[in-house]
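Only one structure is covered here, and it is reproduced in the block below.
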Protein chains: 2
Amino acid sequence: MATPPTPSAKNSLLKLENQLCFPFYAVSRLLTKAYQPLLQALDLTYPQYLVFLLLWEHEQLTVKELGEKLLLDSGTLTPLLKRMEQKQWLSRRRDPRDERSVIIALLPAGRALEARADQIPLLMLDKMQMSEGEITALRTHLTHLLTQLA
Amino acid sequence: MATPPTPSAKNSLLKLENQLCFPFYAVSRLLTKAYQPLLQALDLTYPQYLVFLLLWEHEQLTVKELGEKLLLDSGTLTPLLKRMEQKQWLSRRRDPRDERSVIIALLPAGRALEARADQIPLLMLDKMQMSEGEITALRTHLTHLLTQLA
DNA sequence: GAAAAATAAATTGTGCACAATCAAACATTA
DNA sequence: TAATGTTTGATTGTGCACAATTTATTTTTC
């Protein structure tokens with residue numbers, strides 16, 4: 001079905017295969033899909049898992065702090081956190097000392113998930129099949145890009 | 001399985017800063033945001049731009065072929081393509097020789113966007129501030145990961 | 001200390017992503 | 001060729017993402 005390239009598109013940067021950004025977009029989605037069977041066992045989505053990574057470490061954080069660390073805004077976080085509150089994984093309450101802020105705090109049911117999640121990072125590293133060196137190199141480039149774009 | 005973790009190292013894998021996947025997720029979203037002002041001028045979203053990259057090169061493709069190249073399924077593509085059809089950028093019709101397939105064909109208004117988009121790749125390369133070598137290295141790693149995960 | 005500016009969430013609306021299900025068209029084979 | 005199985009899109013429902021606006025609260029400035 002695919003027709004031969006048209007003259008205007010020959011050797012162009014406007015070709016999917018010459019794009020650098022598409023692989024980022026594709027890999028990001030494939031990684032989320034690779035997490036899916038592992039997270040589904042915990043009834044979690046990938047963004048919810050990211051919130052838990054922070055809460056397991058910090059016990060409680062404001063919505064603003066979560067947003068700064070995950071690079072997400074309240075339009076994304078508020079409904080997501082409400083769904084997690086419904087499941088009794090965390091609590092949402094205003095900071096008495098600054099009523100503008102909402103404090104997200106880990107609840108026992110949320111803490112209990114930590115033990116069940118502890119195999120996930122190694123299982124994912126396994127799926128990626130990359131050497132220690134490749135991973136280090138990639139992390140360096142990604143961090144550079146991240147600071148460049150953020 | 002990779003290397004067995006020491007007790008202390010095991011816990012640290014469940015920290016956001018030690019995640020490899022989060023930077024992919026974050027960079028992917030930041031890249032899309034970096035495209036946004038450039039694409040908004042053409043009334044395009046990033047996934048729509050990706051569809052155009054393929055149509056500018058191939059003139060016409062089936063939904064299945066678009067899905068294979070972009071790693072997207074019909075649940076994503078069908079409504080996206082309908083929105084693009086509304087704007088007269090492309091046509092959707094069944095293949096007379098196999099009524100199961102839908103052929104997506106570029107229309108003049110869609111072709112006209114190509115010239116207005118041709119600066120985008122260089123502008124994006126500029127935003128990323130990476131050397132030729134870094135880009136090549138990154139593309140290699142990403143391609144490896146992509147085949148590993150796809 | 002009142003008005004103005006800044007900050008933090010919530011809300012609204014649009015557009016992906018994707019799992020799951022369905023229906024139609026085509027291919028296979030007994 | 002009738003029954004079975006496969007392929008292709010469409011549909012439905014849920015959950016992000018994010019721009020833009022709104023509301024409540026706090027801080028700053030005059």
Side-chain angles (χ1 to χ4, degrees), chain A residues 1 22 24-37 39-41 43-51 61-87 89 92-104 149-150, chain B residues 22 24-37 39-41 43-51 61-68 70-87 89 92-104 149-150:
Chain A
M1 185 72 255
F22 173 68
F24 277 105
Y25 166 77
V27 164
S28 175
R29 285 165 36 232
L30 289 175
L31 281 175
T32 301
K33 254 189 234 184
Y35 272 105
Q36 207 273 337
L39 293 176
Q40 179 167 266
D43 192 26
L44 279 176
T45 65
Y46 182 64
Q48 289 170 7
Y49 171 70
L50 294 179
V51 168
L61 292 164
T62 64
V63 172
K64 177 182 165 58
E65 288 167 330
L66 284 170
E68 283 171 352
K69 290 172 191 293
L70 299 177
L71 308 180
L72 292 170
D73 70 10
S74 70
T76 300
L77 286 174
T78 296
L80 184 155
L81 293 168
K82 282 182 175 175
R83 283 186 287 273
M84 296 178 77
E85 184 187 32
Q86 292 277 305
K87 304 193 177 185
W89 289 334
R92 297 165 65 249
R93 62 186 159 83
R94 294 280 165 180
D95 184 340
R97 292 181 305 177
D98 184 344
E99 294 276 348
R100 290 172 304 182
S101 297
V102 168
I103 297 174
I104 305 301
L149 294 168
Chain B
F22 172 67
F24 277 105
Y25 165 77
V27 165
S28 174
R29 285 164 37 230
L30 288 174
L31 281 174
T32 300
K33 254 190 234 187
Y35 272 106
Q36 208 272 339
L39 294 176
Q40 179 165 270
D43 192 25
L44 280 175
T45 65
Y46 182 64
Q48 290 170 8
Y49 171 69
L50 293 178
V51 167
L61 292 163
T62 64
V63 172
K64 176 182 165 60
E65 287 168 330
L66 284 170
E68 284 170 351
L70 299 177
L71 308 180
L72 292 170
D73 70 8
S74 70
T76 302
L77 286 173
T78 295
L80 185 154
L81 293 168
K82 282 182 175 175
R83 282 187 287 273
M84 295 178 77
E85 183 187 33
Q86 292 276 305
K87 303 194 179 187
W89 288 334
R92 298 166 63 249
R93 62 186 160 84
R94 293 278 164 183
D95 184 341
R97 293 180 304 178
D98 184 344
E99 293 277 347
R100 290 172 304 182
S101 297
V102 169
I103 297 173
I104 305 301
L149 294 170

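Proteins come first, then strands; the chains are lettered A, B, ... in the order of their sequence lines, and each starts at number 1. Side-chain atoms are counted along with the backbone in the values below, which use heavy atoms only and exclude waters and symmetry mates.
The CG-P distance, from A:D95 to D:dA24, rounds to 19 Å in whole Å. Summarising the geometry, the separation between NZ on A:K82 and C1' on C:dA10 is reported as 7 Å, rounded to the nearest angstrom. The separation between A:Y35 atom OH and D:dG15 atom C1' is 18 Å, rounded to whole Å. If you take CD of A:Q86 and C1' of D:dT14, they are 14 Å apart, rounded to a whole angstrom. Atom C1' of nucleotide D:dT8 and atom CZ of B:R93 are separated by 16 Å, given to the nearest angstrom. Distance, A:I103 CD1 to C:dA10 P: 12 Å, rounded to whole Å. With rounding to whole Å, A:L77 atom CG is found 14 Å from D:dA19 atom P.
Looking at heavy atoms from C-beta onward, A:K64 lies in side-chain contact with A:E68 at the 4.5 angstrom threshold. For the pair B:Y25/A:L31, no side-chain contact is recorded, criterion being any heavy-atom separation below 4.5 Å from C-beta on. Residues B:L66 and B:L72 form no side-chain contact, since every pair of their non-hydrogen atoms from C-beta on lies 4.5 Å or further apart. A heavy-atom distance below 4.5 Å is found between the side chains of B:T78 and B:R92.
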Short heteroatom pairs, N/O only, protein and nucleotides 6-8 of chain C, under 3.5 Å:
unit_1, atom_1, unit_2, atom_2, d
C:dT7, O2, A:R100, NH1, 3.4
C:dA8, OP2, A:K64, NZ, 3.0
C:dA8, O3', A:R100, O, 3.2

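Between A:K69 and A:E65 no salt bridge is recorded (no basic side-chain N to carboxylate O distance below 4.0 Å).
For the residue pair B:A34 and A:L149, the shortest heavy atom distance occurs at CB-CD2, 4.3 Å.
Here CE of B:M84 is found 10.5 Å from CG of B:D43. Values are rounded to the nearest 0.5 Å.
OP1 or OP2 of D:dG9 has not a single side-chain nitrogen or oxygen of B:T78 nearer than 4.0 Å.
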Reading nucleotides 16-21 of chain C 5' to 3', which nucleotides get B (base under 4.0 Å from a protein heavy atom), which S (sugar-phosphate only), which -?
SBBS--
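For the pair B:R83 (side chain) and B:Q48 (backbone), a donor-acceptor distance under 3.5 Å is absent.
The aromatic rings of A:Y35 and A:Y49 are tilted relative to each other, their planes meeting at an angle between 30° and 60°.
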